[in-house]
Amino acid sequence: MKHPASGAAASDGPDRPLVEGRTIEAVPETERHGRPRDLFAVWFAANISPLTIVSGTIAPLVFGLGLWPGIAAVTLGNLLGGFLMALHAAQGPRLGVPQMIQSRGQFGSHGSLLVTLVVVFMYAGWFASNLVIAGQALHRSVPAVDTSGWLVLCALAGLVVAVVGYDLIHRVGRWATVVTLALLALCAVRVFLAPGVLERAADATGFTLSGFVGMTAIGILLQITYAPYVSDYTRYMPAHAASRRSTLWFTYWGSVLGSVLPMFLGIVMGLAVAGDAITGLDTVLGGTLSAVVLCSFAVIVVHVNSMNLYGTSLCLVTAAQTFRHSWLPGRPTRTALIAGPLALGLTLALAFQDTFLASYTDFLAILQYVLIPWTAINLVDYYLIRRGHYHVPSFFAPGGGVYGRINGPAVLVYAASFALEIPFMHTSAYTGPVAAALDGIDLSWAVGLLIPTVAYWLIARRRTAPDFLTATAPAPALPQEGS
């Protein structure tokens with residue numbers, strides 16, 4: 001694959017359009033731009049949000065963990081999950097396509113469709129979860145607008161950023177990083193200075209093994225949920241400039257630090273202050289300062305939800321293109337495709353805002369059951385089987401090209417892995433026999449990671465044809481609607 005430096009340089013000039021015109025097709029080298037270090041800001045800002053603070057409160061409020069066990073579980077989970085998530089980032093510069101398009105290389109064009117649709121509902125769930133927390137925080141600061149009104153306003157702001165696309169999302173990420181660092185530092189200082197807050201948190205010593213494992217799993221899952229779209233934000237980067245190592249580590253540390261720091265704050269708030277984390281911040285910060293902080297959270301929520309809507313549009317185009325191989329829409333259709341998921345996310349936010357924490361915890365559990373086996377198969381295929389070599393035109397070809405419509409072994413391993421997770425599951429609606437025997441310890445995430453890793457490697461290394469390993473040509477540019 002050729003990586004002309006002149007093409008990458010030219011793409012950084014003023015000729016690049018403000019509104020992104022591409023959707024799922026491979027990005028040619030002449031349009032590549034950006035630096036790996038930009039990824040730190042994107043993922044740091046995506047994680048430092050009110051929702052991540054609330055996620056930290058799950059440690060004491062749901063799992064009954066004290067301060068240090070909670071911090072240890074959150075740190076361990078994010079360090080492990082963040083590495084798996086960041087491994088996906090290298091796929092973008094190498095192949096130039098969105099993550100769920102690349103998944104056709106493992107499952108086939110039709111076989112990857114199920115996971116693609118699951119990811120659409122994942123986006124809707126994250127979109128709704130962020131809206132609920134933002135709406136409640138903003139209503140607390142500006143009560144003249146009710147929570148539902150704030151939900152709509154934040155949703156529309158995220159829509160605007162998503163429609164403009166890739167470059168604006170990166171730019172808002174840089175702005176949001178500055179805002180979030182300032183907010184986090186301010187909140188931390190006030191927590192340290194607030195009388196009795198740290199003392200009450202430090203005195204909490206609760207610990208159960210099931211709670212520790214459960215919170216570790218949530219840390220892992222919070223990171224892995226980015227895996228289906230992390231390479232969407234690296235695919236415009238020049239392959240010669242964005243090495244595997246640089247994309248991995250800038251993504252990794254941005255995402256991990258952006259998660260653990262606000263989760264630590266959430267643990268302290270959950271232990272020290274009666275009520276939820278947002279109420280706790282309001283109590284600790286005081287009226288005026290609390291209003292400034294909570295309103296500033298809207299910037300972060302707009303950034304995060306623009307990523308959710310942007311990713312949704314790419315997944316919906318991917319799903320439709322499975323059956324219409326010559327269809328690669330441009331700006332108008334990409335905008336229209338966001339409307340349905342936006343409406344679904346708003347509906348979920350309005351419906352579950354009063355029972356948010358319980359619904360959110362179950363939502364995370366369900367995601368881990370379906371996403372962890374997928375990420376294991378994807379990473380084994382990319383790093384151990386094909387070593388980054390794919391025939392990109394086949395991703396868009398009728399019948400799936402060299403990858404076919406359905407890759408039976410991959411689909412079978414995925415289905416079997418999910419079935420083997422069932423006895424280990426633990427949610428409010430269902431507890432499997434193994435989880436019950438282990439006093440509620442949910443080890444389904446470990447099963448969903450280990451079983452497909454070993455099984456797919458054993459099967460795929462014997463079946464992968466040599467031409468898969470040598471075909472690396474990028475997909476040709478195809479005409480776009482409305483370009």
Side-chain angles (χ1 to χ4, degrees), residues 1-48 82-99 101-102 161-162 164-182 223 226-259 299-300 302-304 306-307 310-311 314 382-383 388 392 472 474:
M1 183 182 295
K2 298 176 66 177
H3 309 302
S6 59
S11 66
D12 284 326
D15 294 336
R16 197 165 69 243
L18 173 65
V19 180
E20 181 185 0
R22 294 189 177 276
T23 52
I24 62 172
E25 66 269 39
V27 180
E29 282 290 335
T30 54
E31 295 182 22
R32 302 292 188 94
H33 59 278
R35 301 159 299 180
R37 68 185 186 187
D38 296 336
L39 298 170
F40 181 92
V42 169
W43 295 107
F44 189 87
N47 283 282
I48 292 196
F83 188 73
L84 295 174
M85 169 266 198
L87 283 172
H88 290 274
Q91 299 177 17
R94 173 79 180 188
L95 302 174
V97 296
Q99 185 69 68
I101 285 290
Q102 190 273 340
V161 178
V164 175
Y166 181 94
D167 284 336
L168 185 57
I169 290 172
H170 273 264
R171 192 171 301 167
V172 172
R174 292 193 288 271
W175 298 337
T177 295
V178 175
V179 172
T180 52
L181 278 172
Q223 295 295 332
Y226 292 124
Y229 62 106
V230 60
S231 68
D232 296 359
Y233 301 96
T234 62
R235 74 189 198 278
Y236 277 88
M237 291 185 173
H240 70 283
S243 67
R244 179 184 301 177
R245 180 175 297 179
S246 61
T247 54
L248 187 152
W249 291 118
F250 278 113
T251 300
Y252 179 76
W253 287 116
S255 189
V256 169
L257 292 175
S259 296
V299 177
I300 296 96
V302 167
H303 172 59
V304 175
S306 69
M307 296 175 73
Y310 180 81
L314 296 183
Y382 185 87
Y383 286 98
V392 176
T472 58

Does a side-chain heavy-atom distance below 4.5 Å link [X] with [Y]?
| X | Y | result |
| --- | --- | --- |
| Thr251 | His88 | no |
| Val230 | Trp43 | yes |
| Met85 | Ser255 | yes |
| Leu39 | His170 | yes |
| Phe83 | Leu248 | yes |

Please list, chain by chain and in numerical order, all residues satisfying side-chain contact (heavy atoms from CB on, under 4.5 Å) with Val302, sequence neighbours excluded.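 Result, side-chain contact (heavy atoms from CB on, under 4.5 Å) vs Val302: Ala157, Val161.
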
Holding to salt bridge (charged side-chain N to carboxylate O under 4.0 Å, His left out), I want the full list of residues that pass it with Arg35, two or more places apart in sequence or in another chain.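 Arg35: salt bridge (charged side-chain N to carboxylate O under 4.0 Å, His left out) contacts with Asp38.
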
Crowded around Trp249 CH2? As in, over 12 foreign heavy atoms under 6.0 Å?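 For Trp249, atom CH2 is crowded (more than 12 foreign heavy atoms under 6.0 Å).
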
Determine, using ring centers only, whether Tyr233 and Tyr310 are less than 6.0 Å apart.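 Yes, the ring centres sit under 6.0 Å apart.
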
Heavy-atom pair of closest approach, residues [X] and [Y]:
| X | Y | value |
| --- | --- | --- |
| Gly34 | Pro238 | O-CD, 3.7 Å |
| Ala45 | Gly173 | CB-O, 3.5 Å |
| Ser231 | Gly92 | CB-N, 3.5 Å |
| Ala46 | Met307 | CB-SD, 3.9 Å |
| Ile24 | Leu314 | CG2-O, 3.5 Å |
| Ala239 | Arg32 | N-NH1, 3.7 Å |

If only atom types and distance count, is the side chain of [X] paired as donor or acceptor with the main-chain N or O of [Y] below 3.5 Å?
| X | Y | answer |
| --- | --- | --- |
| Asp232 | Gln99 | yes |
| Thr234 | Ala89 | yes |
| Arg235 | Pro93 | no |

Tyr236 and Tyr166 aromatic ring geometry - parallel, tilted or perpendicular at 30°/60° bounds: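 Ring orientation of Tyr166 relative to Tyr236: tilted.
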
Atom pair OH/CD of Tyr252 and Gln223 - distance to nearest 0.5 Å: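 Here the rounded value is 8.0 Å.
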
Would you compute the distance between atom CG of Leu168 and atom OG of Ser306 and round it to the nearest 0.5 angstrom?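 The OG atom of Ser306 is 7.5 Å from CG of Leu168, to the nearest 0.5 Å.
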
